[in-house]
Amino acid sequence: PASNLGLEDIIRKALMGNVEE
Amino acid sequence: ELSQEQQNLLTYILDAYNKHRIPQDMAKKLLQEQFSTEENFLLLIEMATTHVQVLVEFTKKIPGFLSLDHEDQIALLKGSAVEAMFLRSAQVFTKKMPHGHSEVLEERIRKSGISEEFITPMFNFYKSIGELQMRQEEHALLTAITILSPDRPYVKDQRAVERLQEPVLDVLRRFCKTQHPHKPQQFARLLGRLTELRTLNHHHAEMLESWRTS
C-alpha cells in the first residue's frame, strides 16, 4: 500500500511513470 | 505587460496546474464519510500520497524541468513536496465552499491525532494566504517557484535550477503588477509566504515524528 512508501519512493515511481493525457 | 514568451510560460504552467489535481472522488470522500481517528489518519496519508503523485505530474510539465539532472529533479521534489501540498491545501480552505464543508475538513484534520501546536500555524498560514486573494495564476506560479528552489538539500547544479526559476519569478512579478495595480506589495507578500512555507515544512518534519511516536 502507498502508506508504506516513503516520499522519495513515491516521487521516483511517479517520475518514471507515463504522463496521463 | 507580459511578452508573448512570458504569456506562453504562464499559460503552460496554469494549464498544467489546473489539469493535475486531487481526483474529485477522493475529495468527496473527505467530506462525506465519517471516520475514526485511525481512519482519518489513513485517509490523510492516502491524500498526501496522491498529492505527491499529482505534484510530480505538474512538475514534469514545467518547461525545462525534465532536462535537469535526474537526481536534482528528485531533490527538488523531495524538498518542496510538503510546501506545495500546504499551498494546494490553502486553496481548498480559501475557496468558497458549500456551507459547512470547510468546517468538516478542519474537524477531520483536527481529529487525526496531530498535535495542536502544529495545527494552529497551519491554519494561520491558510488564513494568511486567504488574505492575499490570489488568482489561480498566482497559485500556479508560486507552486512552480517553490518547486524550483535552487537551495534545496542535495541539489548539485543550483545554477541550472536558478535559470528555470528566474523567468517564472519574473512572470509572477509582472502578473502581480498588472492584476493588482492597487496592491503594489502583492509580489513581495507572495514571496513572504514562501518563507512562511519553509517554517511549516520544518514543523511538518517534527509533526511526522510526533505522529510516528503516537
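To find a chain, count down the sequence lines: A is the first, B the second, and so on, and within it residues start at 1. Remember, predicted model here, so these are calculated numbers, not experimental data.
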| field | Minimal non-hydrogen separation, B:Q53 against A:A14, with atom names | value | CA-CB, 4.4 Å
| message | For B:H70, I'd like to know if atom NE2 has over 12 heavy atoms of other residues, nucleotides or ligands within 6.0 Å. | response | yes
| Crowded around B:Y12 OH? As in, over 12 foreign heavy atoms under 6.0 Å? | no
| field | Pair listing, ring pair (Phe, Tyr, Trp, His ring centres under 6.0 Å) test, anchored in residues 136-175 of chain B, at least two apart | value | none
Report all side-chain donor-acceptor pairs from residues 123-132 of chain B shorter than 3.5 Å, counting only partners two or more places apart or in another chain.
| unit_1 | atom_1 | unit_2 | atom_2 | d |
| --- | --- | --- | --- | --- |
| B:S128 | OG | B:F125 | O | 2.9 |
| B:S128 | OG | B:R193 | NE | 3.3 |
| B:S128 | OG | B:E196 | OE2 | 3.4 |

| remark: Sorted by chain and residue number, the salt bridge (Lys or Arg N to Asp or Glu O under 4.0 Å) partners of B:D170 (sequence neighbours excluded) come out as B:R173, B:R174
| task | Enter the distance from A:R12:CZ to B:Q73:CD here, rounded to the nearest 0.5 Å. | result | 10.5 Å
| query | Just checking heavy atoms, which of residues 78-89 of chain B are less than 4.5 Å from chain A? | reply | B:K78, B:A81
| note | The reported gap from CG in B:L66 to CG in A:L15 (rounded to nearest 0.5 angstrom) is 7.5 Å
| Looking only at heavy atoms, what is the nearest atom pair of B:V56 and A:I11, with distance? | CG2-CA, 4.2 Å
